[in-house]
Amino acid sequence: MTLNPLLPFLMAGDPSLEALPGLLAGARALGLEAAEVGLPHSDPIADGPVLQAAAHRAIGRGATPRRVLESLAGLTDSPDLILFTYLNPLLQLGLDPLLRLLEPTPVRSLLVVDLPFGEEPDFEAGLRAAGYPLVPLLAPTTTPERAKALLDQRPDPGPGAPFAQRFAYVVARLGVTGTGQGTDLGPVAARVRDLQGITARPLAVGFGLSDPASLRAVRTLGATPVIGSALVADLTLGRPIKACLESRIA
Amino acid sequence: MTLNPLLPFLMAGDPSLEALPGLLAGARALGLEAAEVGLPHSDPIADGPVLQAAAHRAIGRGATPRRVLESLAGLTDSPDLILFTYLNPLLQLGLDPLLRLLEPTPVRSLLVVDLPFGEEPDFEAGLRAAGYPLVPLLAPTTTPERAKALLDQRPDPGPGAPFAQRFAYVVARLGVTGTGQGTDLGPVAARVRDLQGITARPLAVGFGLSDPASLRAVRTLGATPVIGSALVADLTLGRPIKACLESRIA
Amino acid sequence: MNDAFVLPTRFGARGLGGCYAPETLMQPLLDLEAAFRAAMEDSGFQAELKAELRHFVGRPTPLTPAPRLAAKLGLKALYLKREDLAHTGAHKINNALAQALLARRMGRTEIIAETGAGQHGVATAAACARLGLRCTVYMGVTDMARQAPNVARMRLFGATVQPVEAGQGTLKEAVNEALRAWAGRCTEAHYILGSALGPHPFPTLVRSFQTVIGEEARAQVLEQTGALPEAVVACAGGGSNGLGLLVPFAGDGLRRMAVEAGGHGRALGEHAARLDGGRMGVLHGCRTLLLQDAHGHTAETASVSAGLDYPALGPELAALVLDGTVDARRASDEEALAAARLLCETEGILPALESSHALALLPALAAEGVASVLLGLSGRGDKDLSTYQSRLEL
Amino acid sequence: MNDAFVLPTRFGARGLGGCYAPETLMQPLLDLEAAFRAAMEDSGFQAELKAELRHFVGRPTPLTPAPRLAAKLGLKALYLKREDLAHTGAHKINNALAQALLARRMGRTEIIAETGAGQHGVATAAACARLGLRCTVYMGVTDMARQAPNVARMRLFGATVQPVEAGQGTLKEAVNEALRAWAGRCTEAHYILGSALGPHPFPTLVRSFQTVIGEEARAQVLEQTGALPEAVVACAGGGSNGLGLLVPFAGDGLRRMAVEAGGHGRALGEHAARLDGGRMGVLHGCRTLLLQDAHGHTAETASVSAGLDYPALGPELAALVLDGTVDARRASDEEALAAARLLCETEGILPALESSHALALLPALAAEGVASVLLGLSGRGDKDLSTYQSRLEL
Ligand SMILES: Cc1ncc(COP(=O)(O)O)c(C=O)c1O
Ligand SMILES: Cc1ncc(COP(=O)(O)O)c(C=O)c1O
């Protein structure tokens, strides 16, 4: 298994309503296998200022969940997508309409920030049955026993499945998304090593990563770094996606 | 006994610090036997706006009790004076200094608004012994029995004494000094008649009288009207004392 | 993973509540439930809480007969449960103090809270000062402006008030920001949520610390009159004073009523009446009735009262209403203002704008033939003076 | 004529008090004493008053142990008698409500009152609303400005607030004007004086209605600790909360202390410390210690607290001090402000500026070796928020 070098996060609807397909094509052109696409939400309780602002801008532009998913329909020039979202917009769509919207898109899995396993069992089972597993999250507060349980509850579909459906998301630090100031990677490195001891599935590490050195450090651990707020901020400044990502893959 | 036609009230120190002797001479020139002189006090709780303002102006000009009394010393061209005052300035002078100050003046009695009989027995007895009786006040709230007691407690020194030492002050109405708007004299007339049934001493009626008709009505009852706020207000406007009083004696 | 909780996490036939929290907060929430359960079984904690409620908060608060207002409205009897007399001026202190004691018991040295009307923030700041805990309160900038006295009070109590600029600058945004802050400091800090909402175990915890209101009121009305009233009424923001008052009357077969903010209109965005304008959804960690647009974005709300303009009703109270054991009504801004003035003039009691919404229901109850009412006066109106002055043209 | 009174009109060895009233008010004062005596012997009145104090005012108010503040100050124990939790936020309601009940019993339909800090005005307005009496409150324009929230509260309770422009525009002028108004309407109106001052029977009447504070506090401290404190402390404006707290401890052989407003300096006009700047005199109907100039004109006063800047100390409290059974001290504006902040930060209680003067004495008491103190927290500081904000730079 070769290491997926970077998992970029893009906010649908930002920096413009039409930007997403082009950005995804850019990521794919760099050989990235997967990307997270954030569905803008009014109350992003797990996000820091950069992604909050991006979400609110996107909503202001009319980036509703339906429109975002429709804009992904039929895309071929895209990495596998992980839909990063809060639960309520999905609930309001309802399972079947959601599945119908997902079907023509490159979305392969969902990361629902505020849906612990078991809170909406039918909804989650329905998604899984239709081929959309939910990504398990592992936080600094997650105890080893709890981590084992979480990985069991949202199991690895196995090496035949794409990265987007297999990986577990390791939350690098306490708090919300956003560029960390001098995040000490020591603790997350230890956690990654411990997790690698209990699971063979790929791991992604996110929250607060931005500089190439941090990203490299994560890769050194054999995990995929996630780049979110820093990327969104760069794109807002008008930098081309290629430039934004290239330096961070190296 | 001829009726004293008017008892004018003057505020010492107003309309100017030096005005009092001239005003008193003016009253005497009109044949008035007695006048009240108000000692300006910081907290004149029985006075309405006109006399409050006059007192505060006078205090502002430096009309202290001592200075006022000194300004009356040696006056010969004056009616008998009734010193209209609140208790505290007298207490602060002390009985003996007060008597020394009073001695050379035309003051014949004191009307201490907030000194009911019995509250300062030694002080009152000392004044009386020195020839300064306190004027009894009879208010609309004073019951007939209480009126009898009050007149006994501050008795009439008898026909040999001047009006200023003999009269009882009938408060015409509830409230404070000041120009009454359309005071109905019916009730006070009845009270005056009742009081005349229990005492032979002269009565003065004050509080709220101003127009010549009201003053005449009081005289018709065989009592002396007091003119206070209306007079002070007129003097403030610069009217000469003669003009102020003449029309009110007729 | 919600099977790791011991207490029920869901309310009513439709399973409201739950624990829809980011993974970072799951262990803190599990720990909180465990600490709460242990504390509730610890007679030492119970005694400490009881002593503080009595000697610091001033419990029991009185139950005041309001005969002049009753007569004016055509009621036979009206009783007011006087949470306005609790320390800091509202029922919020019951919960804030209890959670602060719990946090100290858990070894936390730092408290995070959100506030809307400012009453919960003030109560939390006071409780933290009392117990020597560091306190940060998140408050929307709109609320900071309209409840300025409460901002000053929090600062006097040594709390840091963090302005929240996002959105409408009201309670919802403050909760967002408090949750974010807690996620960042959850190993040192306890989050004192101010109403019966949020992820499990908060709704249960807050309700448990507020039922003292109804327990006292029930005993008091029986002591004073020998009978129960026909109806018990409270206002409903998140639902904490409502549950606190209404739950202890559950077995009594009387009418229990919750009054929401009717704001100034019936369109989405003009009110905060979740029970007749809301749809089921998930916000701030729980499933409940929610004012939202078609896309699942939380809707804006409007109310003259900063404490009632939260877009979601707490899950337990929502469940009681949906299951038909509590009636929900709405009162408009104007009705609440008029009701406040009437209470002032007939009984000499100045109600919080929130509580005035409960008062505003009384004319309708009288018209429906209800004779006796017990009403939860959740707080005093000092914080609302400037609104009363401008809206009532004093 | 003072022999027509039945109750003693004078206090202490130097005969303070008395009834130095204009004749118009003598019969109303005699009637008031008679009505008061009759009411005090009427079990119906006593029961009514007790019920209102309990169910409306929220008595008994708590006695709060303040361990964190005590530790900070080097005291072993500190207990706060929480009049701030009484309805309307200060002890003033005890007297206002009782007098309003008395007025109603006398057939009066109209109430006149003066107010300084506004607490007595608010309490009177509330009591009048509660009982259906018309209410006019006289208030100096300076006090109206610095205690604006209380003006709004009085108006909400339906009272008319009459601005008094004279002099410094503070309490003394308000009393002047209220006395004048009462003289004009004394056949319909009762005058509810707000402190233990004025002509007999007011000092006795007000003190009698306030000793509930000390009676409760004494029982509470015995219940909570099994012992009496070494010192009992209250602030002193007119003297009503001071007497109310201190008198019931008279036989206990402990230190009783009253704290006056030290303002910002020791010269006449810079403070309101009558006991160390005053001379015997007569103001507003009674003989007592008075701040005055050499001519017997009442002096101006200064204090950051509107409720303590009255130039005269009530006669009974002054007598207790002169006779040596109560100690008088002063606290400056700065000391009071600092003491307020410290109580806020250590115990989560926001004191009125008046009460903060009592708090400001604690460091000195600790330094003198006093170990345990019971302190009268006469009111809450909500009314003083703007002063705290500007003076403490919040
Ligand atoms: C006085 C008062 N009442 C009621 C509420 C509404 O909250 P809840 O529904 O949780 O009682 C608030 C909230 O701030 C409040 O301050
Ligand atoms: C809270 C408070 N404490 C004390 C006082 C002082 O008055 P007294 O000395 O009569 O208690 C006032 C007067 O307004 C007050 O409002």
Side-chain angles (χ1 to χ4, degrees), chain C residues 51-52 54-66 68 79-80 82 84-89 93 97 122-132 148-153 155-158 220 224 340-341 343-350 380-383 385-386 388-389 392 394, chain D residues 51-52 54-66 68 79-80 82 84-89 93 97 122-132 148-153 155-158 220 224 340-341 343-350 380-383 385-386 388-389 392 394:
Chain C
E52 283 296 290
R54 177 159 172 227
H55 300 311
F56 176 63
V57 172
R59 303 211 70 87
T61 57
L63 184 74
T64 305
R68 284 177 25 89
Y79 298 88
L80 307 174
R82 299 290 301 283
D84 62 307
L85 291 181
H87 181 52
T88 65
I93 188 78
L97 180 75
V122 168
T124 302
C128 288
R130 173 99 181 140
L131 301 183
N150 278 343
V151 176
R153 292 162 83 203
R155 290 188 175 145
L156 271 164
F157 291 145
Q220 288 167 320
Q224 283 183 38
R341 166 165 261 169
L343 180 66
C344 284
E345 290 179 353
T346 55
E347 300 290 350
I349 299 172
L350 172 61
R380 56 172 150 92
D382 299 58
K383 70 184 178 61
L385 270 173
S386 64
Y388 285 131
Q389 280 182 282
L392 296 175
L394 289 184
Chain D
E52 283 295 290
R54 177 160 172 226
H55 300 311
F56 177 63
V57 172
R59 304 211 71 87
T61 58
L63 185 75
T64 305
R68 285 180 20 93
Y79 298 88
L80 307 174
R82 299 291 301 284
D84 63 307
L85 291 182
H87 181 52
T88 65
I93 189 77
L97 181 75
V122 168
T124 303
C128 288
R130 173 98 179 141
L131 302 182
N150 278 343
V151 176
R153 292 163 83 202
R155 291 188 173 145
L156 271 165
F157 291 147
Q220 287 167 322
Q224 283 183 37
R341 165 166 260 169
L343 179 66
C344 283
E345 288 178 355
T346 55
E347 299 291 350
I349 298 171
L350 171 63
R380 58 173 148 91
D382 300 58
K383 69 184 179 61
L385 270 173
S386 64
Y388 285 132
Q389 278 182 285
L392 296 175
L394 289 185

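Each chain gets a letter, A, B and so on, in the order its sequence line appears, and its residues count up from 1. No hydrogens, no waters, no symmetry mates; every other heavy atom, side chains included, goes into these values.
- At a threshold of 4.5 Å between non-hydrogen side-chain atoms, the residues Asp84(D) and His87(C) count as touching.
- Interface remark: Val57(C) contributes backbone atoms only to the contact with chain D (heavy atom separation under 4.5 Å).
- For Arg130(D) (side chain) and Glu345(C) (main-chain N/O), no donor-acceptor pair under 3.5 Å exists by modelled atom type.
- Heavy-atom distances place no part of Arg59(C) under 4.5 Å from chain D, backbone and side chain included.
- For a residue to count as touching a neighbouring chain, one of its non-hydrogen atoms must lie under 4.5 Å from one of that chain's; by this rule Pro60(C) does not touch chain D.
- For chain C, the nearby parts of Ala152(D) are the backbone and the side chain; heavy atoms of each come within less than 4.5 Å.
- The closest side-chain heavy-atom distance from Leu156(D) to Leu385(C) is below 4.5 Å.
- Rounding to the nearest 0.5 Å gives a distance of 12.5 Å between CZ of Phe157(C) and CZ of Arg341(D).
- When heavy atoms are compared at a cutoff of 4.5 Å, Arg54(C) approaches chain D by way of both its backbone and its side chain.
- Annotation: maximal heavy-atom pairing with chain C below 4.5 Å, among Gly158(D), Ala123(D), Gly58(D), occurs at Gly58(D).
- The most heavy-atom pairs under 4.5 Å with chain C, out of Leu80(D), Thr88(D), Asp382(D), Leu350(D), come from Asp382(D).
- The line from CZ of Phe56(D) to CG of Leu85(C) is 9.0 Å long, rounded to the nearest 0.5 Å.
- Residue with the most contacts toward chain D among Gly381(C), Ala125(C), Pro65(C): Pro65(C) (heavy-atom pairs, distance under 4.5 Å).
- Heavy atoms closer than 4.5 Å to chain D are found nowhere in Ala340(C), neither backbone nor side chain.
- In this structure, the portion of Leu392(C) lying under 4.5 Å from any heavy atom of chain D is its side chain and not its backbone.
- When the candidates Arg153(D), Arg380(D), Gln389(D) are compared by the number of heavy-atom contacts under 4.5 Å with chain C, Arg380(D) comes out ahead.
- Taken from CD in Glu52(D) to OG1 in Thr64(C), the straight-line distance is 8.0 Å, to the nearest 0.5 Å.
- Contacts of Ile349(C) with chain D are made by both backbone and side-chain atoms, with heavy-atom separations under 4.5 Å.
- Interface remark: Tyr388(C) contributes side-chain atoms only to the contact with chain D (heavy atom separation under 4.5 Å).
- A donor-acceptor pair under 3.5 Å is formed between the side chain of Arg68(D) and the backbone N or O of Ala129(C).
- Under the side chain to side chain donor-acceptor pair (under 3.5 Å) rule, His55(C) has a single partner from Arg82(D), Gln224(D), Gln220(D), which is Gln224(D).
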